[in-house]
Enquirer: 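Structure below; questions to follow.
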Amino acid sequence: MEQSQKVIDQVMAQIKKRDPHELEFHQAVLEVLESLKPVIEKHPEFVEAGLLSRIVEPERMVMFRVPWYDDQGRIQMNRGYRVHFNSAIGPYKGGLRFHPSVNLGIMKFLGFEQTFKNSLTGLPIGGGKGGSDFDPKGKSEGEVMRFCQSFMTELFRYVGADVDVPAGDIGVGAREVGYLYGQYKRITMLYHGVFTGKGLTYGGSLARKQATGYGLLYFLREMLKDNGKEITGKKVIISGSGNVATYAAEKAQEMGARVVAMSDSNGYIFDPEGIKLDTVKRIKEIERKRIKEYVKDHPSAQYYEGSKGIWTIKCDIALPCATQNEIDEESAKILVTNGVWALAEGANMPSTPGAIKTYQNNGLLFGPAKAANAGGVATSALEMSQNSMRLSWTFEEVDAKLKDIMVNIYSQVSQAARDYGCAGDLAAGANIAGFLKVANAMMAQGAV
Ligand code: NDP
Ligand code: 2IT
C-alpha cells in the first residue's frame with residue numbers, strides 16, 4: 001500500500017475511535033485527506049511532524065448551557081457550542097448556526113472546512129464555527145432576543161476582535177447578529193469588530209449580506225469561462241431560499257440566467273418564467289414565512305412538497321445553497337440524466353461522497369464549497385479590516401474586492417490541481433491549496 005494511504009487510514013482510524021458518532025466530521029476529513037495524497041507523498045516532513053493528526057483536531061471546543069425564558073414564562077434550555085479549529089494563519093473566524101440538527105460533529109465538520117476555505121481567501125483568518133440546537137422557527141422576537149442574550153452571556157469569554165470573530169450561518173442573520181453583538185457590548189464595554197454581518201448602522205460592511213451568493217456566481221463565471229462557456233441564457237436551479245440562495249439567485253439573474261426553482265426544508269417552487277426575487281425576499285426576509293406562499297402571488301409557478309424534488313428539474317446549472325448532504329448519489333444521477341453540466345456549492349458540503357463521484361464520472365464542471373462559497377467569509381474579513389481602520393468602503397469598492405478574491409481563488413485552486421497532477425479537479429485543488437498555507441504556517445510555528 002502507498003505510504004499516503006497508510007497515513008490516511010491511521011488518521012481516520014484515530015478520529016473514528018475518538019468520536020465514533022461524528023459522521024459529518026468523518027466525511028469532511030476523509031474528503032480532504034484523500035485529495036491530499038500527492039501532497040503527502042511530496043512532503044514527508046508533514047507526516048514526520050504529526051501534522052495530519054494535529055490538523056484534524058480542534059485547538060479548543062467549548063460547550064455550554066443556554067437557559068432562556070419563553071413567552072409563557074417557562075425556562076427553556078439549549079446547548080451552545082464554539083469550536084476553535086485552527087488559528088495558524090489568523091484569529092478563529094466562522095459563522096454561528098442555530099438549527100435543531102446542530103451537534104458537536106456538525107460544528108467540527110464546519111470548523112474543519114472553514115479552516116481551509118478561509119485559507120483560500122488569501123486573508124489572515126483562522127477557522128472556527130459555533131452555534132446551538134436552538135430552533136428560531138416559530139419563536140417570537142422576544143424569545144429570539146432572550147436566547148441570543150443568554151447565548152452571548154457565555155460566549156463572550158471566548159471571542160474578541162483578535163481572538164475569534166463569529167458571523168451568521170443557517171438560522172443566524174442580521175437580526176440575531178444584532179442581538180448577539182448588543183449583548184457582547186453590554187458585558188464587555190468593547191465596541192470592536194467581534195462579529196461580522198453586523199447592521200450597516202453599527203459597523204457592518206456594505207455587500208456582506210450579498211457576498212456569499214454573489215461570490216458563488218463570480219466563481220461560477222470563472223469556472224465556466226475557463227471551459228469556454230457562459231452563464232447568460234442558462235437555466236438554473238437553486239436550493240434553499242435563505243441568505244446564500246437569495247443573493248446567488250439575484251446575481252445569476254443579473255448575469256442573464258433564468259432561475260426556475262428555489263426551495264426550503266418543506267418543499268420547492270418551480271416557476272418556468274423565472275423566479276421573482278422580490279416576492280421571495282418579502283416572504284423569507286420580512287414575513288419569515290414558507291416558500292410555498294410564493295404561488296399565491298404567481299400563478300405561473302407550482303409548489304411541490306419535499307425539498308429533494310428540486311433535483312429532478314431539467315436545467316443547465318445546479319447551485320445547492322441549503323445544507324449539508326442535500327444531494328445524494330441518487331439525486332446526482334437524476335441531475336446528470338436531466339442534462340446538468342455545471343454545479344457549484346453555495347452550502348457547506350451539500351454533496352455526499354457518492355454525489356461527488358457521480359459529478360466527476362460524468363464530467364460535470366464542479367465548484368466545491370470551500371472555494372465557491374468563500375466570498376461570504378472573505379467579505380467578513382473585509383468587514384474586519386474596515387472596523388480596524390474605523391472607516392467604511394462603498395458597496396462598489398467591497399464588491400470589486402470580492403470579485404478579485406473569487407477570481408483569485410479560482411486561479412489558485414485550478415493551478416494547485418495542475419501542480420499536483422489532477423488538472424480540472426477543483427475539489428482536490430481547493431483542498432490542496434487551502435491545506436498548504438495552513439500546514440506551512442503550522443510547521444513554522446512548531447509543535448502547535
Ligand atoms: P439561512 O438560514 O439564511 O437559509 C438556509 C436555507 O436552507 C433555508 O431556505 C432553509 O429552509 C434551508 N435549509 C436549512 N436546513 C435544511 C435542511 N435540513 N433541509 C432542507 N433545507 C434546509 O442560511 P444561509 O443561507 O446562510 O446558509 C445556507 C448554506 O450556506 C449553509 O450550508 C451554510 O453553512 C452555507 N454558507 C453560508 C454562508 C453565509 O455567509 N451565510 C457562507 C458560506 C456558506 P428552512 O427555512 O425551511 O429551514
Ligand atoms: O460558512 C461560512 O463561510 C459562513 N457561514 C460565513 C462565515 C463568516 O465568518 O462570515
Side-chain angles (χ1 to χ4, degrees), residues 24 90-102 106-107 109-118 120-121 123 125-131 135-138 159 164-177 193-198 204-205 207-216 238-249 262-269 280-281 283-285 288-292 306-310 319-327 345-351 369-384:
E24 290 87 355
Y92 309 107
K93 179 83 197 88
L96 293 174
R97 176 177 293 191
F98 292 168
H99 193 271
S101 63
V102 162
I106 289 181
M107 296 286 95
F109 116 66
L110 288 163
F112 180 73
E113 299 246 304
Q114 196 82 47
T115 300
F116 304 110
K117 180 200 305 194
N118 292 4
L120 288 175
T121 66
L123 299 165
I125 39 177
K129 203 84 190 189
D135 186 358
K137 269 196 211 100
V159 297
D164 177 10
V165 182
D169 193 84
I170 292 176
V172 178
R175 173 180 68 169
E176 290 74 19
V177 169
V194 72
F195 261 92
T196 60
K198 298 187 290 299
S205 173
R208 173 61 188 91
K209 180 173 74 172
Q210 293 85 353
T212 310
Y214 279 22
L216 176 68
I238 301 182
S239 66
S241 47
N243 173 264
V244 179
T246 301
Y247 293 94
M262 293 180 76
S263 62
D264 62 20
S265 56
N266 292 110
Y268 68 96
I269 50 165
V280 174
K281 285 185 189 171
I283 295 168
K284 303 304 284 193
E285 290 181 355
R288 296 181 185 275
K289 287 189 174 157
R290 311 308 301 159
I291 198 70
K292 70 172 169 214
S307 50
K308 223 181 134 180
I310 194 169
L319 303 175
C321 295
T323 193
Q324 65 271 3
N325 291 328
E326 55 174 316
I327 308 184
E345 298 180 326
N348 287 309
M349 204 168 77
S351 312
K370 291 185 199 76
N373 76 30
V377 75
T379 307
S380 279
L382 299 177
E383 182 171 329
M384 290 163 73

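As the structure lists them, so they are numbered: ligands from 1, and atoms in each ligand from 1. As the structure is a prediction and not an experimental result, all values here were calculated from the model.
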Enquirer: Give the atoms of ligand 1, by number and element, whose distance to some non-hydrogen atom of Gly346 is under 4.0 Å.
Expert: 30 (O), 35 (C), 36 (N), 44 (C)

Enquirer: Does ligand 1 have any atom that is closer than 4.0 Å to a heavy atom of Gly173?
Expert: no

Enquirer: Grab the two heavy atoms, one from Ala167 and one from Val172, that are nearest each other, plus how far apart they are.
Expert: O-CG1, 4.2 Å

Enquirer: When you compare ligand 1 with Cys321, is there at least one nitrogen or oxygen pair between them that comes in under 3.5 angstrom?
Expert: no

Enquirer: Could you check whether any side-chain heavy atom of Lys137 comes within less than 4.5 Å of a side-chain heavy atom of Ser265, counting everything from C-beta outward?
Expert: yes

Enquirer: Under 3.5 Å between any N/O of Asn266 and any N/O of ligand 1: does that happen in this structure?
Expert: no

Enquirer: State, without any angle test, whether Lys209 and Asn243 hold a side-chain donor-acceptor pair at a distance under 3.5 Å.
Expert: no

Enquirer: Quick check: does any side chain N or O of Asn118 sit under 3.5 Å from a backbone N or O of Gly126, one acting as donor and the other as acceptor?
Expert: yes

Enquirer: Check ligand 1 against Ser265 and write out every atom of the ligand that is under 4.0 Å from a heavy-atom position of the residue.
Expert: 11 (O), 19 (N), 20 (C), 21 (N), 22 (C), 45 (P), 47 (O), 48 (O)

Enquirer: Output the list of atoms in ligand 1 that are nearer than 4.0 Å to some heavy atom of His99, sorted by atom number.
Expert: 15 (N)

Enquirer: Which residue holds the protein heavy atom closest to atom 13 (N) of ligand 1, what is that atom called, and what is the gap in Å?
Expert: Ala322 CB, 4.0 Å

Enquirer: Less than 3.5 Å between some nitrogen or oxygen of Asn348 and one of ligand 1, yes or no?
Expert: yes

Enquirer: Write down the atom of Ile310, the atom of Ser239, and the distance for their closest heavy-atom approach.
Expert: CD1-CA, 4.0 Å

Enquirer: If you apply the rule side-chain contact (heavy atoms from CB on, under 4.5 Å), what do you find for Ile238 with Tyr268, and how did you get there?
Expert: CA-CA 10 Å; Ile238 301 182; Tyr268 68 96; over 6 Å; no

Enquirer: Under 6.0 Å from the NZ atom of Lys281, do we count more than 12 heavy atoms belonging to anything else shown?
Expert: yes

Enquirer: I need the nearest protein heavy-atom contact for atom 16 (C) of ligand 1: residue, atom name and distance, please.
Expert: Thr323 CG2, 3.6 Å

Enquirer: Please check if the side chain of Glu383 supplies one atom and the backbone of Gly197 the other of a donor-acceptor pair under 3.5 Å.
Expert: yes

Enquirer: What I want to know is whether Asp169 and ligand 1 share at least one N or O pair that is separated by under 3.5 angstrom.
Expert: yes

Enquirer: Which residue and non-hydrogen atom of the protein lie closest to atom 23 (O) of ligand 1, and at what distance in Å?
Expert: Ile170 CA, 3.4 Å

Enquirer: If you measure every N/O of Arg97 against every N/O of ligand 1, is any gap under 3.5 Å?
Expert: yes

Enquirer: Would you mind telling me which of Pro350, Ser263, Cys321 makes a side-chain contact (heavy atoms from CB on, under 4.5 Å) with Glu326?
Expert: Pro350

Enquirer: Around atom 46 (O) of ligand 1, find the nearest protein heavy atom and jot down its residue, atom name and distance.
Expert: Arg290 NH1, 3.5 Å

Enquirer: What are the two closest non-hydrogen atoms of Met384 and Pro91, and how far apart are they?
Expert: CE-CG, 4.3 Å

Enquirer: Taking only heavy atoms of Gly240, which atoms of ligand 1 are found under 4.0 Å from at least one of them?
Expert: 9 (O)

Enquirer: Side chains of Lys370 and Asn348: donor-acceptor distance under 3.5 Å anywhere?
Expert: no

Enquirer: About how many Å separate OG of Ser241 and CD1 of Ile291, when rounded to the nearest 0.5 Å?
Expert: 4.0 Å

Enquirer: Give me the residue, atom name and distance of the protein heavy atom closest to atom 2 (O) of ligand 1.
Expert: Gly171 N, 2.9 Å

Enquirer: Inspect the contact between Lys284 and Asp264 and indicate whether a charged nitrogen and a carboxylate oxygen are less than 4.0 angstrom apart.
Expert: yes

Enquirer: Quick one: do the Glu345 and Ser351 side chains pair a donor with an acceptor below 3.5 Å?
Expert: yes

Enquirer: For ligand 1, find out whether one of its N or O atoms is nearer than 3.5 Å to an N or O atom of Lys117.
Expert: no

Enquirer: Can you check whether Pro166 reaches Val159 side chain to side chain, under 4.5 Å on heavy atoms?
Expert: yes

Enquirer: Nearest 0.5 Å, please: how far is CG in Leu96 from CG in Leu110?
Expert: 11.0 Å

Enquirer: Which of the numbered atoms in ligand 1 are under 4.0 angstrom from any heavy atom belonging to Lys137?
Expert: 45 (P), 46 (O), 47 (O), 48 (O)

Enquirer: Return a table of N or O atom pairs, ligand 2 on one side and protein on the other, at distances under 3.5 Å, rounded to 0.1 Å.
Expert:
residue: ligand 2; atom: 1 (O); partner: Gln114; partner atom: OE1; Å: 3.3
residue: ligand 2; atom: 1 (O); partner: Lys117; partner atom: NZ; Å: 3.0
residue: ligand 2; atom: 1 (O); partner: Lys129; partner atom: NZ; Å: 3.0
residue: ligand 2; atom: 1 (O); partner: Asn348; partner atom: ND2; Å: 3.0
residue: ligand 2; atom: 3 (O); partner: Gln114; partner atom: NE2; Å: 3.0
residue: ligand 2; atom: 3 (O); partner: Lys117; partner atom: NZ; Å: 2.7
residue: ligand 2; atom: 5 (N); partner: Lys129; partner atom: NZ; Å: 3.3
residue: ligand 2; atom: 5 (N); partner: Gly168; partner atom: O; Å: 3.1
residue: ligand 2; atom: 5 (N); partner: Asp169; partner atom: OD1; Å: 2.9
residue: ligand 2; atom: 9 (O); partner: Lys93; partner atom: NZ; Å: 2.7
residue: ligand 2; atom: 10 (O); partner: Arg208; partner atom: NH2; Å: 2.9
residue: ligand 2; atom: 10 (O); partner: Ser380; partner atom: OG; Å: 2.5

Enquirer: Do me a favour and list the nearest non-hydrogen protein atom to atom 9 (O) of ligand 1 with residue, atom name and distance?
Expert: Ser241 N, 2.9 Å

Enquirer: Answer yes if the side chains of Arg208 and Thr196 hold a donor-acceptor pair under 3.5 Å, and no otherwise.
Expert: no

Enquirer: Going by the atom numbers of ligand 1, which of them fall below 4.0 Å from some non-hydrogen atom of Val244?
Expert: 24 (P), 25 (O), 26 (O), 27 (O), 30 (O), 36 (N), 37 (C), 38 (C), 39 (C), 41 (N)

Enquirer: Which of the numbered atoms in ligand 1 are under 4.0 angstrom from any heavy atom belonging to Ala347?
Expert: 29 (C), 30 (O), 32 (O), 35 (C)

Enquirer: When only distance counts, is Lys129 in polar contact with ligand 1, meaning an N/O pair under 3.5 Å?
Expert: no

Enquirer: Counting only heavy atoms, which portion of Lys370 has something under 4.0 Å from ligand 1: side chain, backbone, both, or neither?
Expert: neither

Enquirer: What residue and atom, counting heavy atoms only, is the protein's closest point to atom 6 (C) of ligand 1, and at what distance?
Expert: Gly242 N, 4.0 Å

Enquirer: Please list the nearest protein heavy atom to atom 41 (N) of ligand 1 with its residue and the distance rounded to 0.1 Å.
Expert: Asn243 OD1, 3.7 Å

Enquirer: Quick one: does any side-chain atom of Asp135 pair with a main-chain N or O of Pro100 as donor and acceptor, under 3.5 Å?
Expert: no

